[in-house]
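Order of appearance sets the numbers: ligands from 1, and atoms from 1 within every ligand.
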Amino acid sequence: MKTSARLDRLPPYLFAELERKIADKKAAGVDVISLGIGDPDTPTPELVVDALAAAAGDPGTHAYPSNRGRAELRTAVTGFYERRFGVALDPETEVIPALGAKECIFNLNLAFLDPGSVALAADPGYPVYTGGPLIAGADSVLMPLVPELGFVPDLDAIPADARERARLMYLNYPNNPTGAVAPDGFFERVVEFARAHEILVVHDASYTETTFDGYVAPSFLETPGSKEVGVEVFSLSKGYNMTGWRTAAIVGNADAIASYWKLKTNIDSGMFEAVQLAAVRALEQGDAIAREMSAVYARRRDLVVDALRAIGVDVRSPKGTIYVWAPVPDGHTSASYCELVLEESSVVVSPGGAYGPNGEGFFRISLTVPDERLTEAMERLRSSLGG
Ligand SMILES: Cc1ncc(COP(=O)(O)O)c(C=O)c1O
């Protein structure tokens with residue numbers, strides 16, 4: 001069977017590898033603790049599930065949805081943006097639903113890239129920022145995120161040729177995998193850069209609702225001029241424990257959203273309307289959910305950071321996301337260290353190199369397992385690798 005050239009260009013999906021390794025261990029009867037994938041361990045809140053159940057009972061939700069989304073969802077998103085970020089959006093033109101941030105980010109590549117054009121992608125970064133351009137027949141140019149610069153790209157270092165060819169720039173703060181937050185003034189510089197080079201900024205806001213120590217993450221759209229050059233993809237997956245529901249929205253630049261919508265009308269038929277109504281409930285009544293989940297992750301973050309520091313790992317304590325990003329010990333690559341951790345302690349952590357060349361030398365721990373399991377995982381690391 002001959003697969004397409006575009007598929008052949010793709011490296012294997014990161015978590016497919018991890019899942020295979022975990023499955024092998026489990027098949028051998030080993031109690032594996034996976035700190036690999038970031039998928040909340042606690043259920044979707046009852047108020048959201050109840051809203052879905054009620055809406056699913058209404059035959060009015062059963063037909064093909066529209067890709068524009070129900071008016072209730074669009075106004076719930078704009079209401080949320082106004083309340084949470086002080087950002088005013090037009091529900092008619094500046095917001096439509098997406099089937100998760102992943103779908104939206106992937107399809108933006110198809111909507112905006114041609115062969116020869118480029119997406120500027122954070123390195124390390126969410127794999128779809130680089131896989132998506134490849135499938136679109138285009139290229140990605142990596143923007144290194146290094147600790148010395150607080151894990152934000154050095155815009156001045158983007159080569160002239162890449163600036164010329166770039167149509168998209170992917171950013172994501174609070175950031176997966178580094179846990180970094182955007183420093184003051186950074187989004188302003190991004191707007192200036194995007195304006196100068198006619199680039200559409202795509203800010204992936206998958207973790208704005210998961211923050212710690214009193215830090216409140218901004219929306220990119222709070223930045224003056226951002227709507228002229230950018231869109232934001234807001235996901236309900238992590239903040240509201242809704243990963244399986246595939247709920248997100250793209251907000252911001254109306255022309256970009258119209259292009260995404262045009263593409264989508266040829267690809268999918270929108271979000272099940274009962275799910276849309278459940279998302280409305282989360283956006284309108286779910287502020288406490290996001291706050292409670294942030295408190296849970298803050299507690300787990302402290303547990304992990306303290307345990308890693310106790311075994312000599314020099315780790316930064318993140319102000320947001322559901323991840324801890326830590327350097328591997330000297331003498332290891334990120335892959336060799338993660339393999340060692342898996343072999344010696346049956347704990348799965350993600351190798352930083354899988355998120356891009358600048359992830360090399362780091363590993364990522366996801367905080368989405370119950371406290372007792374996380375404590376046990378840290379105890380295993382201490383006893384097998386603590387020195
Ligand atoms: C940075 C980032 N963007 C997007 C996603 C996917 O989000 P969604 O579930 O909304 O597709 C993830 C999931 O891990 C992520 O880490």
Problem set entry | Side-chain (D154) to main-chain (D156) donor-acceptor, under 3.5 angstrom |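 Yes, because the side chain of D154 sits within donor-acceptor range (under 3.5 Å) of the backbone of D156.
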Seminar exercise, completed: Residues passing the ring-ring contact (aromatic ring centres under 6.0 Å, His included) test with F220, sequence neighbours excluded, are F187
Exercise. With under 30° as parallel and over 60° as perpendicular, where do the rings of Y170 and Y129 fit, or are they tilted in between?
Worked result: parallel
Problem set entry | Test applied, side chain to side chain donor-acceptor pair (under 3.5 Å); reference residue, N241; option that passes from T44, D39, T42 |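 Per the side chain to side chain donor-acceptor pair (under 3.5 Å) rule, the option paired with N241 is T42, out of T44, D39, T42.
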For this session: Would you check if the distance from the ring center of F186 to the ring center of Y173 is below 6.0 Å?
Result: yes
Problem set entry | CG-NZ distance between L89 and K227, expressed to the nearest 0.5 angstrom | 5.0 Å
For this session: Could you name the protein residues that come within less than 4.0 Å of ligand 1, counting only heavy atoms, and order them by chain and residue number?
Result: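 Under the 4.0 Å cut-off, ligand 1 touches G100, A101, K102, Y126, Y129, N172, N176, D204, S206, Y207, S235, S237, K238, R246, Y323.
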